[in-house]
Amino acid sequence: MENLLRKGVREAVRVLYGAELEEGLLQIQKTRKEFAGDLTIVVFPLTRISRKSPELTAMEIGEFLTANIDAVSVYNVIKGFLNVTVSPEEWARRLFQISEVSDYGFTAPGDNPVTIVIEYSSPNTNKPLHLGHIRNNLLGFSLSRICGAAGNRVIRTNIVNDRGIHICKSMVAWKLFGDGATPASTAKKGDHFVGDYYVLFDRKHREQAAALEAAGVKPDEARDTAPLMLAARDMLLKWEAGDEETVQLWHMMNSWVYEGFDVTYKALGVEFDKIYYESDTYKLGKEIVLQALKEGHLVRKDDGSVWIDLTADKLDHKLLLRSDGTAVYMTQDLGTAVIRYNDYHFDRHIYVVGNEQNYHFQVLALALLRMGFKWAGGLHHFSYGMVELPEGKMKSREGMVVDADDLISEMTDTARSMSQELGKLGGYSEDEKENIYRQIGLAALKYFILKVDPKKNMTFNPLESIDFNGNTGPFIQYTYTRIRSVLKKADEAGIHWGHGKQDTLTPNQKEINVIKLLNDFPALVTEAAGELSPALIANYCYDLAREFNQFYHDYTILGEADTDLRDFRLRLSDLTGRVIETGLWLLGIEAPERM
RNA sequence: GGCCCUAUAGUUCAAUGGAUAGAACGCGGGUUUCCUAAACCUGAAAUCCAGGUUCGAUUCCUGGUGGGGCUACCA
């Protein structure tokens, strides 16, 4: 539609003013609601060519367009804006066209698709997932679907930070205070079970440090020399040396954590194609660093530590290997990146990681390039903002966190009580009802998080933030269930709306509003993939649902006596339902049949 | 100190350099013998400050101010 107009205006300029229109000068946008029309041509830039006032230029072009393009029926001019109205009949034809497209909104991958690796989630194995991880997982998972829908080959990956001093703390605490307890013996979820020992370690350690301080030891020294800290260090050394008992304990506790994570991932509905473990990749990282050192890309200090000098890129010196030869965070990320490139030969690699690590990822890409890995130009840090509580930043150690599992079940509880109050699920079994409560609760949570521009920090108020009315996930789901209900009734009445005639139809304004949005969908998916923005999809779904609800409120569908018009409305409803379902799917949100 | 992100109704969020800054929650007023009222209609309510570029700036640039982050031989 827009392309048609684009061509028309170029033609108009050629005929009226005898000039070729540069592409950059032509601005076409959707007409704002408060004005009549569908598409708007901004004529200010064209006055340079016409050498006439904006109003006159607009009128001349408007006359030309209505005379020469069938689909353009009317135009009006306000200030320097030429508002063009596409004829209702054209919109009707448009609906017939796009509703026949299967997989509407998806771009087929083509022969040589762009390969994108997306890393998200990236948990530590010493504590359960919290609200910050939820934002991460939802963004990553949604991005993977959006990029896939736009025709790319997508590999979803995760890196599990499964080694290091933090894991050793949990291990020490369990060994000393655990008394052989297991998640099974305590009926606790594995990740929470292990997380409790991490917290316990921290508490006991603080007590020990305080005792030392009371005896006159300096604070720093007290922290470093408390028996528990020494035990954790010792544990790390043993682990790196491959001590059998330690490695066995490590395996056991990690496996508990993974069982717990799996439950949370499943509850959130996120998945991965390939999971990497830091314990598998850090060694290659060390090799890469040593190799790069040999090739002269890095510098070794007197104490034996290895650094990269990035001052030429306006960054700093960055440590890549400790003086004792052990790996740091950066080391293993270098290794992971190389392994992934060897595995997939990606064109792009998207890291979904919070903005607190902006510096880290700048260094990572530059370091790889410096070492000669040209593909590192395809690395992209998808940097999202922090989730804060009304009291401020979340702090695991002080218990100021919103636990992921708790939050999910609270959402389901709220959905359950609201749904039961409304009482619309008669005829469903308890299991079916529970599944719907879960779908609605999750939709509220996911939509709340995904509708926000990813790079902005967001505040989450446990008591007030999540709504089920208005601009919310459940609102969109509700619109979907209304549509399903109408289509089901049509089906039961034996109405076959798929063959309806189209030529004589003149849709009303509400119908046109919906068709316009439906018509935008494929371009929107492409745009969302280009900008890596699930928020665009979320806001679109909301707009579409709202627009459809207005139509639904003002007009009857099944009660329409003119069967061509009735069938047209069913077609409109059906495509709206399909697009909402697809849009929600791109966000990782399920669409229930009833609610 | 240096670097990065951010600032829009009471609150949570929108707005490729374009028209009268758009929603939701909350607050006020309405709509149900009719396909699901988790809906629809309607009222009040906002661009941090000062310059600059432009026919035109919430948007771009500069300088302030407020908020957040990074600047570890932590991850």
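Order of the sequence lines fixes the chain letters, A, B, ..., with proteins taken first and strands second; residue numbering starts at 1 for each chain.
Among the protein residues, Y359(A) comes within range of the sugar-phosphate backbone only, with heavy atoms under 4.0 Å from sugar or phosphate atoms but none that close to a base. Across all strands shown, L321(A) has no heavy atoms under 4.0 Å from either base or sugar-phosphate atoms. Nucleic acid contact for R546(A): sugar-phosphate only, since backbone atoms but no base atoms lie under 4.0 Å from a heavy atom of the residue. Within the 4.0 angstrom heavy-atom criterion, no nucleotide atom of any strand lies near Q332(A).
Taking atom P in both G18(B) and C60(B), one finds a spacing of 11 Å when rounded to whole Å. Comparing the C1' positions of A75(B) and A7(B) gives an interatomic distance of 30 Å, to the nearest angstrom. On the P atoms, U8(B) is 11 Å away from U47(B), given to the nearest whole Å. Comparing the same atom, C1', in U65(B) and in A50(B) gives a spacing of 11 Å after rounding to whole Å. Straight-line distance between the P atoms of U59(B) and A9(B): roughly 15 Å, to the nearest whole Å. To the nearest whole angstrom, the two P atoms, one in G43(B) and one in C49(B), are 27 Å apart. A gap of 10 Å separates the P atoms of G26(B) and A39(B), to the nearest Å. Going from the P atom of U58(B) to that of A19(B) covers 9 Å, rounded to whole Å.
A salt bridge links D202(A) to R206(A): one of the charged nitrogens lies within less than 4.0 Å of a carboxylate oxygen. Between D491(A) and K488(A) no salt bridge is recorded (no basic side-chain N to carboxylate O distance below 4.0 Å). A salt bridge between K516(A) and D520(A) is absent, with no side-chain N of the basic residue lying under 4.0 Å from a carboxylate O of the acidic one. Ion pairing between a basic and an acidic side chain is recognised when a charged N comes within 4.0 Å of a carboxylate O; E511(A) and R569(A) show such pairing. Under the 4.0 Å criterion applied to side-chain N and carboxylate O atoms, K30(A) and D38(A) are not assigned as salt-bridge partners.
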**Report entry** Stepwise ring pair (Phe, Tyr, Trp, His ring centres under 6.0 Å) test for Y351(A) and F382(A)
**Finding:** CA-CA 6 Å; Y351(A) 290 90; F382(A) 180 86; over 10 Å; no
Requested in this report: Take R482(A) and N549(A) through the side-chain hydrogen bond (donor to acceptor under 3.5 Å, both in side chains) test and state the conclusion after the steps.
Outcome: CA-CA 9 Å; R482(A) 281 177 141 183; N549(A) 274 329; 2.7 Å; yes
Below 3.5 Å between N/O atoms, which protein atoms pair up with nucleotides 26-32 of chain B? Just atom names and distances, please.
none

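Considering D313(A), L315(A), L379(A), L310(A) as possible partners of Q362(A), the one that fulfils the side-chain contact (heavy atoms from CB on, under 4.5 Å) test is L315(A). For the ring-ring contact (aromatic ring centres under 6.0 Å, His included) with Y542(A), the qualifying choice from F548(A), F475(A), Y447(A) is F475(A), the only one to do so.
Taking atom CD1 on I476(A) and atom C1' on A39(B), their separation rounds to 14 Å, with Å as the unit. Rounded to an integer number of Å, the gap from F361(A) CZ to G69(B) P is 19 Å. Taking atom CE on M418(A) and atom P on A37(B), their separation rounds to 15 Å, with Å as the unit. Protein atom CG of N136(A) is 19 Å distant from nucleotide atom P of A75(B), rounded to whole Å. We find that CD1 of I483(A) is positioned 12 Å from C1' of U36(B), with the value rounded to whole Å. The NE2-C1' distance, from H381(A) to G69(B), rounds to 12 Å in whole Å. Between the OH atom of Y552(A) and the P atom of A39(B) there is a distance of 13 Å, given to the nearest Å. Atom CG of L320(A) is separated from atom C1' of A72(B) by 14 Å (rounded to the nearest Å).
The side-chain tip of R594(A) points at the ring of Y428(A) from less than 6.0 angstrom away and within 45° of straight on. Geometrically, K318(A) does not engage W307(A) in a cation-pi contact, judged by NZ or CZ lying under 6.0 Å from the ring centre and within 45° of the ring axis.
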**Report entry** Pairing pattern in dot-bracket form [Watson-Crick, G-U; both distances under 3.5 Å; | = partner strand] for RNA chain B
**Finding:** (((((((..((((....[...)))).(((((.......)))))....(((((..]....))))))))))))....
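Using a 4.5 Å heavy-atom threshold, the side chains of V387(A) and M458(A) count as touching. Residues R416(A) and E434(A) form a side-chain contact, since some pair of their non-hydrogen atoms from C-beta on lies under 4.5 Å apart.
Comparing atom distances between the N358(A) side chain and each of C35(B), G69(B), C4(B) picks out C4(B) as nearest. Candidate nucleotides A24(B), U6(B), U71(B) were compared by shortest atom distance to the side chain of Y542(A), and A24(B) ranks first. Counting only heavy atoms from C-beta on, Q357(A) has its side chain closest to A75(B) among A75(B), C35(B), C5(B). Distances were taken from every side-chain heavy atom of R482(A) (C-beta onward) to each of U71(B), A75(B), U36(B); the shortest belongs to U36(B).
Distances shown here put a side-chain N or O of Q550(A) below 4.0 Å from the OP1 or OP2 atom of C41(B). Between S485(A) and U36(B) there is a side-chain polar atom (N or O) within less than 4.0 angstrom of OP1 or OP2. Remark: R322(A) is in phosphate contact with A75(B), judged by side-chain N or O atoms under 4.0 Å from OP1 or OP2.
Side chains of D467(A) and T472(A): a donor-acceptor N/O pair is absent below 3.5 angstrom, by distance only.
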Query raised in the report: Could you run down nucleotides 12-19 of chain B 5' to 3' and tag each one B, S or - for protein heavy-atom contact under 4.0 Å?
Result: -SS-B-BB
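Residue A415(A) is the one, among A415(A) and S305(A), whose nearest nucleotide of RNA chain B lies closer to the 5' end (criterion: closest heavy atom). Along RNA chain B, the nucleotide closest to L319(A) and the one closest to E356(A) are compared, and the more 5′ of them pairs with E356(A).
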